[in-house]
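Inspection log for the structure reproduced underneath, given as structure tokens.
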Number of protein chains: 2
Amino acid sequence: MNENTTEPKYQKLVKQMKAYIQENMKTNQKILSEREIAQRLSISRYTVRKALDELEKKGYIYKVHGKGTFVSEKSVPTALNEIYSFTEQMEQLGKKPKMELLEFKVFIPNQELASKLHVATQDKVIKLKYLRTADDVPMMIEETYLPYSKFPTLTVDALSKNSLYSIMKTEFNQSIHVVSESMRASLISSNEAKLLKVEDGSPCLNVRRTSFNKLNEPIEFTSCIARGDQFVYNCKYIHQD
Amino acid sequence: MNENTTEPKYQKLVKQMKAYIQENMKTNQKILSEREIAQRLSISRYTVRKALDELEKKGYIYKVHGKGTFVSEKSVPTALNEIYSFTEQMEQLGKKPKMELLEFKVFIPNQELASKLHVATQDKVIKLKYLRTADDVPMMIEETYLPYSKFPTLTVDALSKNSLYSIMKTEFNQSIHVVSESMRASLISSNEAKLLKVEDGSPCLNVRRTSFNKLNEPIEFTSCIARGDQFVYNCKYIHQD
DNA sequence: CAGTGGTCTAGACCACGTT
DNA sequence: ACGTGGTCTAGACCACTGT
């Protein structure tokens with residue numbers, strides 16, 4: 001899509017090697033050494049290393065000091081270091097995800113919400129409320145709050161065409177850098193029970209997410225209520241020492 | 001503790017700069033350019049970049065192409081890219097965490113568990129069961145399963161002195177590379193209700209974690225049952241594109 | 001000992017943002 | 001035009017693993 005910015009050489013190498021590894025190599029098989037790859041492709045070892053670092057970070061390969069670089073097991077690579085999105089998770093289960101916009105409004109927040117979004121209490125906030133379903137079974141209710149000052153021209157029409165995150169990035173130049181999430185179990189309230197078509201007092205999973213841009217300003221707060229009997233929240237990440 | 005391996009120059013720089021930033025600099029303040037730092041310390045720019053990359057990854061600073069490197073907000077740095085441990089979370093809340101070993105046994109797993117740990121059904125598995133409390137209030141029950149073949153000499157005595165993860169690393173040379181977690185809400189069973197001192201059918205949060213080593217072999221499977229009214233699971237991570 | 005990945009140097013050019 | 005971070009080169013030595 002966005003081919004006006006030149007792709008670095010090591011990024012091309014990442015794609016090339018990833019495809020080669022997936023098609024031709026087996027788990028724990030040793031791949032060429034950094035020096036060997038650099039020599040064959042007539043590039044510097046630095047570039048090879050950057051590509052291999054990226055492949056390791058994404059879970060395709062692993063390096064062992066003094067021994068070499070090896071292919072990882074197939075199961076791990078997907079969605080590393082990132083909490084899976086609802087859509088991806090449902091697609092993995094072979095279910096058809098949909099989302100329906102229930103509410104779109106601009107309002108003055110209470111103090112709690114204002115402090116979460118780092119805005120003054122007289123500043124406006126956008127609220128989006130979605131019902132997410134999978135194979136037409138209601139799965140979760142999602143309420144997202146955005147500081148109006150950062151997204152003043154956001155429209156329902158734009159949201160129907162692109163995802164919120166892509167709009168944030170392309171239209172408003174706000175991309176997510178750090179995400180903080182919390183999960184808790186509780187009993188569902190009657191309003192939510194009706195929307196999710198479960199009994200009052202059923203167990204539900206409440207996920208709250210605050211997203212920050214590079215300057216560590218909060219640009220989004222979302223609270224999700226998910227059916228306890230249907231929804232499992234998955235995440236995978238590379239452990240750092 | 002472990003000073004027999006020489007620390008790389010950039011790691012020292014990381015510590016040095018981190019301390020300097022925390023003591024002397026303010027949020028969004030610009031720091032010296034990579035070239036300037038390199039020149040002043042008479043080291044190469046590569047080393048400075050490695051240090052700055054690490055500080056960015058840990059959330060202390062952020063870089064903007066064409067502009068410079070800046071100090072991040074103070075709130076973010078802790079425990080990035082890592083799901084907080086129970087102990088850290090409780091300490092942040094000012095509560096005193098404790099854990100009590102309820103069970104330690106070696107047994108033959110059922111098929112489900114065996115497949116989770118990638119062992120044959122005739123292979124042995126170690127089970128550890130803990131009750132975690134905070135200020136003497138029961139918070140969660142934790143059941144951990146380990147492949148016996150990888151930790152054959154693990155003892156209760158060792159566990160009373162060091163954490164499981166540090167034992168894994170130092171005694172058995174198994175360090176965690178990738179972690180996969182899932183969270184779900186459900187209603188508590190009567191056995192667990194007794195241990196956690198809540199009513200039957202209270203809401204609870206079930207967290208399941210599988211940890212993998214560098215070879216992507218599973219080395220741990222843990223299932224936690226946490227009180228819904230007390231426990232919130234937090235995680236923070238840097239968003240990758 | 002040779003071969004591997006990990007660190008480091010001293011340069012170079014490019015892409016981006018500000019002046 | 002200038003300074004910044006991002007990429008890249010062609011080397012070097014170190015630390016670790018195997019033979």
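The model shown is predicted, which means the values in this text are computed figures rather than measured ones.
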query: So which one's nearest nucleotide on DNA chain D is more toward 5', B/S33 or A/V64?
result: B/S33
- prompt: Between A/H65 and A/P8, which has a closest nucleotide on DNA chain D that is more 5'?
  reply: A/P8
Distance check needed: [N] [atom2] versus [X] [atom1], whole Å only.
X: B/L32; N: D/dG3; atom1: CG; atom2: C1'; result: 13 Å
X: A/I61; N: C/dT4; atom1: CD1; atom2: P; result: 15 Å
X: A/D53; N: D/dT7; atom1: CG; atom2: P; result: 12 Å
X: B/K12; N: C/dT7; atom1: NZ; atom2: C1'; result: 12 Å
X: A/E36; N: C/dG5; atom1: CD; atom2: C1'; result: 15 Å
X: A/E7; N: D/dG6; atom1: CD; atom2: C1'; result: 14 Å
X: A/I43; N: D/dT7; atom1: CD1; atom2: P; result: 14 Å
X: A/E34; N: D/dC8; atom1: CD; atom2: P; result: 15 Å

Nearest to the side chain of [X], heavy atoms from C-beta on, is which of [options]?
X: B/R49; options: D/dT7, D/dT9, C/dT7; answer: D/dT7
X: A/K67; options: D/dG18, D/dT4, D/dC8; answer: D/dG18
X: B/S44; options: D/dC8, C/dG5, C/dA10; answer: C/dA10
X: B/K30; options: C/dT9, D/dT9, D/dT4; answer: D/dT4
X: B/K50; options: C/dT7, D/dC16, D/dG6; answer: C/dT7

Quick one: do [X] and [Y] make a salt bridge, cutoff under 4.0 Å?
X: A/K57; Y: A/D53; answer: no
X: A/E142; Y: A/R132; answer: yes
X: A/E220; Y: A/R209; answer: yes

Tabulate protein N/O versus nucleotide N/O from nucleotides 11-13 of chain C, keeping only pairs under 3.5 Å, one per line.
| unit_1 | atom_1 | unit_2 | atom_2 | d |
| --- | --- | --- | --- | --- |
| C/dA12 | N6 | B/R45 | NH1 | 3.4 |

task: For the residue pair A/Y46 and B/Y46, categorise the inter-ring angle as parallel (less than 30°), tilted (30 to 60°) or perpendicular (more than 60°).
output: perpendicular
field: Validation row: B/E54, B/Y10 side chains within 4.5 angstrom (heavy atoms)
entry: yes
field: Pair B/N213-A/Y62, side-chain donor/acceptor within less than 3.5 Å
entry: no
field: Residues B/S223 and B/N206: side-chain donor-acceptor under 3.5 angstrom
entry: yes
task: For A/Q111, look at atom CD and say whether over 12 heavy atoms of other residues, nucleotides or ligands are found less than 6.0 Å away.
output: no
Ignoring backbone atoms, test whether [X] places a side-chain nitrogen or oxygen under 4.0 Å from the OP1 or OP2 oxygen of [N].
X: A/Y10; N: D/dT7; answer: yes
X: A/K9; N: D/dT9; answer: yes
X: B/T69; N: D/dT4; answer: no

query: Base, sugar-phosphate, or nothing: which does A/L52 touch, judged by heavy atoms less than 4.0 Å apart?
result: nothing
